[in-house]
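To keep things clear, I will list the structure first and then write my remarks on it.
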Amino acid sequence: MTAQMPSLSDFEALLNETLPTEDGFEGNVVPGKVVAIENDFAIIDIGLKAEGRVPLKEFASAGKAAEIKVGDDVEVFVDRIENALGEAILSRDKARREEAWEALEKAFEGDARVDGVIFGRVKGGFTVDLSGAVAFLPGSQVDIRPIRDITPLMNIEQPFQILKMDRRRGNIVVSRRAVLEEDRAGQRAELMNKINEGDSVEGVVKNITDYGAFVDLGGIDGLLHVTDISWRRVNHPSEVLSIGESVKVQIIRINPETQRISLGMKQLADDPWEGIEAKYPVGAKFKGVVTNITDYGAFVELESGVEGLVHVSEMSWVKKNVHPGKIVSTSQEVEVMVLEVDPAKRRISLGLKQCGENPWEAFSAKYPAGTEIEGEVKNITEFGLFIGLDGDVDGMVHLSDLDWERSGEEAIQDFKKGDMVKAVVLDVDTKKERISLGIKQLSGDPFANVSAKKKGEQVTCVVKAVNDNGIEVEVGETGMTSFIRRSDLARDRGDQRPERFAVGDKVDAMVTGVDRSSRKVNLSIKALEVAEEKAAVEQYGSADSGASLGDILGAALEKAKEDK
């Protein structure tokens, strides 16, 4: 029997049985084999007598070169097939993405971590390759603390936590910070159970701020405050520490509720303030270095960790109201005297001026009271003159020491700043740093001669002025003036007329009183006449014996003429 030849339709059916349909390939991930590598492409055979070209870069992972060779089996995604014998449009990236999405969805549902590689930057964050699927890493989710440079974290495989994913939109959001916080929480709990206050531990400086440094103790950070870095003054932690540096610290305090740890470095060294009173006794002098200058004084380091304050009032004997920076400078070596030590408050008061000669004591030794000096008028105030003297000190002439006769307000008008004047040293108070001077003391006190007069003593005066109430007279040659009231001008009321006298007339009067506090001498012509009459009566007889007053006074006058 002759065999029957198959028809065209039978041949097509046979072909479909031996080869998969194109519909089973397109839009799916299928296995393939690398049959050749040409230039930058891998030729992949996926069956159906179909081959496709896939760029080699699609076989490379982030940060790494492609590792593929002829004969390797790979899975690729079939976009479409031109025809049964034509070239296929293939993609390794899409195949990896499909594989990755399935694994990522399982990890997301199980709240499991996934490995990925940060490989690019985008607005607001970074791109992460999750075995073919591209995810977004927000900048806030990179680390527990802000990182200035993320370069060291790029192109290395590391774990991430999936925060959100939407396969339909192709969106995946991941976090590296969540992983770190979870690990840190475990490490923190473990470490908190191990450490105790007072322990010495090793750590690494992670961050530096103005107020201190954060030290990583191996999963937990502790704060090393700037005041606990060293016994000596540290203006900024960066002066002593640097990021990444390994340091040995002591656990000062642990707060179980907040899990905050306070650290100290200086506590591992001997406290230089122990026995400070014995090392720096009051009155002793030491050399130190100026470390800091403020408006109220300067800090001087006596030894590492021990500083004392030189208050502005203890910096100079003569420079008052001057900023300390104009007297000393930072890093300058100075000699100071210990004035006070307070171990409880860890304070030492120092004096700079005490190491130099006290200009007030030097002036007192050179110019004792009574010495005549000369100086320039530096300032004029409402209470006197300030005169510049040797040793850059000032002396003051009080208003009351300007003139014997005139008021201070009137006498001070004779002076102006810059005048060279002479004065007498009246007193030097070294404790209060005051020098009292007098100008009127350069000449004798006219009141001294007058005040020596006794009550009832007769003086000769010269009329200096005449007015309705009396006359002004100069007492002898002293230059001291006094005023004789109208009622004291004569014994007889009819003679108590000021106009009886003329300027230049010489008159005799009696001292009726001396007031040293007000520097006044009270005179009376009337009192002198009464006294003379009484004396004449006693000497030449009494009116009761028959002699008239005129006879007695006449005899007295004659006797006076003869005596002259």
Side-chain angles (χ1 to χ4, degrees), residues 360 363-364 366-391 393-429 432-455 457 459-467 469-485 488 498 501 503-507 509 511-524:
W360 313 99
F363 185 89
S364 178
K366 188 175 180 180
Y367 303 100
T371 305
E372 184 177 319
I373 53 92
E374 185 176 19
E376 180 184 347
V377 177
K378 294 290 187 180
N379 196 17
I380 300 176
T381 69
E382 59 184 9
F383 47 83
L385 303 177
F386 283 91
I387 299 176
L389 305 173
D390 287 350
V393 296
D394 289 346
M396 191 189 80
V397 182
H398 193 269
L399 289 177
S400 60
D401 290 313
L402 289 174
D403 195 282
W404 290 114
E405 298 298 326
R406 295 181 297 168
S407 67
E409 289 77 8
E410 181 182 358
I412 202 170
Q413 302 300 321
D414 295 342
F415 303 92
K416 62 180 183 297
K417 289 178 67 173
D419 285 351
M420 294 299 294
V421 296
K422 290 183 178 181
V424 174
V425 177
L426 303 180
D427 180 59
V428 180
D429 190 331
K432 294 183 179 180
E433 299 180 356
R434 293 177 183 173
I435 299 175
S436 299
L437 304 175
I439 291 179
K440 71 181 184 182
Q441 286 79 2
L442 291 170
S443 59
D445 183 359
F447 184 72
N449 296 328
V450 176
S451 62
K453 301 292 184 182
K454 297 180 179 179
K455 185 177 180 180
E457 188 173 343
V459 294
T460 301
C461 307
V462 177
V463 178
K464 305 295 290 186
V466 179
N467 59 48
N469 296 321
I471 60 175
E472 183 179 339
V473 297
E474 180 180 333
V475 183
E477 298 178 352
T478 63
M480 184 74 188
T481 60
S482 181
F483 187 77
I484 302 176
R485 296 176 299 173
D488 285 314
F501 302 90
V503 175
D505 287 353
K506 287 186 177 182
V507 295
V511 177
T512 58
V514 178
D515 189 342
R516 289 176 173 78
S517 60
S518 63
R519 296 176 59 81
K520 289 183 179 180
V521 176
N522 297 323
L523 302 176
S524 173

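- Residues that satisfy the ring pair (Phe, Tyr, Trp, His ring centres under 6.0 Å) test with F501, not counting sequence neighbours, are absent from this structure.
- Listed by chain and number, the residues in a salt bridge (Lys or Arg N to Asp or Glu O under 4.0 Å) with K464 are E474 (sequence neighbours excluded).
- Take E372 and apply the salt bridge (Lys or Arg N to Asp or Glu O under 4.0 Å) test, not counting sequence neighbours, and it matches no residue.
- Listed by chain and residue number, D488 satisfy the side chain to side chain donor-acceptor pair (under 3.5 Å) test with R485 (two or more places apart in sequence, or in another chain).
- At a threshold of 4.5 Å between non-hydrogen side-chain atoms, the residues D401 and Q441 count as touching.
- K378 is linked by a side-chain contact (heavy atoms from CB on, under 4.5 Å) to E376, D394, counting only residues two or more places apart in sequence or in another chain.
- Partners of F363 according to the ring pair (Phe, Tyr, Trp, His ring centres under 6.0 Å) rule, which considers only residues two or more places apart in sequence or in another chain, are Y367.
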Please table the atom pairs, donor to acceptor, closer than 3.5 Å between any side-chain atom in residues 379-387 and protein atoms at least two apart or in another chain.
residue: T381; atom: OG1; partner: F383; partner atom: N; Å: 3.3
residue: T381; atom: OG1; partner: G384; partner atom: N; Å: 3.4
residue: T381; atom: OG1; partner: G384; partner atom: O; Å: 3.2

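- Rounded to the nearest 0.5 Å, atoms SG (C461) and NZ (K506) are 11.0 Å apart.
- Side-chain contact between L437 and L426 is absent, with no heavy-atom pair separated by less than 4.5 Å.
- One finds the CG atom of D403 at 7.5 Å from the OG atom of S443 (value rounded to the nearest 0.5 Å).
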Requested in this report: Check the pair V424, T371 against side chain to side chain contact (heavy atoms under 4.5 Å, CB included), reporting the backbone distance first and the verdict last.
Outcome: CA-CA 6 Å; V424 174; T371 305; over 6 Å; no
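- V425 and P368 get closest at one heavy-atom pair: CB-O, 3.8 Å.
- Checked against salt bridge (Lys or Arg N to Asp or Glu O under 4.0 Å), D390 has the following partners two or more places apart in sequence or in another chain: K366.
- In this structure the side chain of T481 never reaches within 4.5 angstrom of the side chain of V473, judged on heavy atoms.
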Report task. Would you please test M396 and R434 for side chain to side chain contact (heavy atoms under 4.5 Å, CB included) and show each step? Result -> CA-CA 8 Å; M396 191 189 80; R434 293 177 183 173; over 6 Å; no
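- With sequence neighbours excluded, the residues forming a side-chain contact (heavy atoms from CB on, under 4.5 Å) with E409 are L399, S407, listed by chain and number.
- Across all non-hydrogen atoms, the minimal contact from V428 to W360 is CG1-O, 3.8 Å.
- For S400, the side chain to side chain donor-acceptor pair (under 3.5 Å) test picks out H398, with sequence neighbours left out.
- Applying the side-chain contact (heavy atoms from CB on, under 4.5 Å) rule to T512 yields the partners N522, S524, A527; only residues at least two apart in sequence or on another chain are considered.
- In this structure the side chain of F415 reaches within 4.5 angstrom of the side chain of L402, judged on heavy atoms.
- Across all their heavy atoms, A509 and I484 have their closest contact at CB-CD1, 4.2 Å.
- Listed by first and then second residue, the side-chain hydrogen bond (donor to acceptor under 3.5 Å, both in side chains) pairs involving residues 414-429 are R406-D414, K416-D419 (not counting sequence neighbours).
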Query raised in the report: What do the steps show when you test L523 against V475 for side chain to side chain contact (heavy atoms under 4.5 Å, CB included), and what is the final call?
Result: CA-CA 9 Å; L523 302 176; V475 183; 3.9 Å; yes
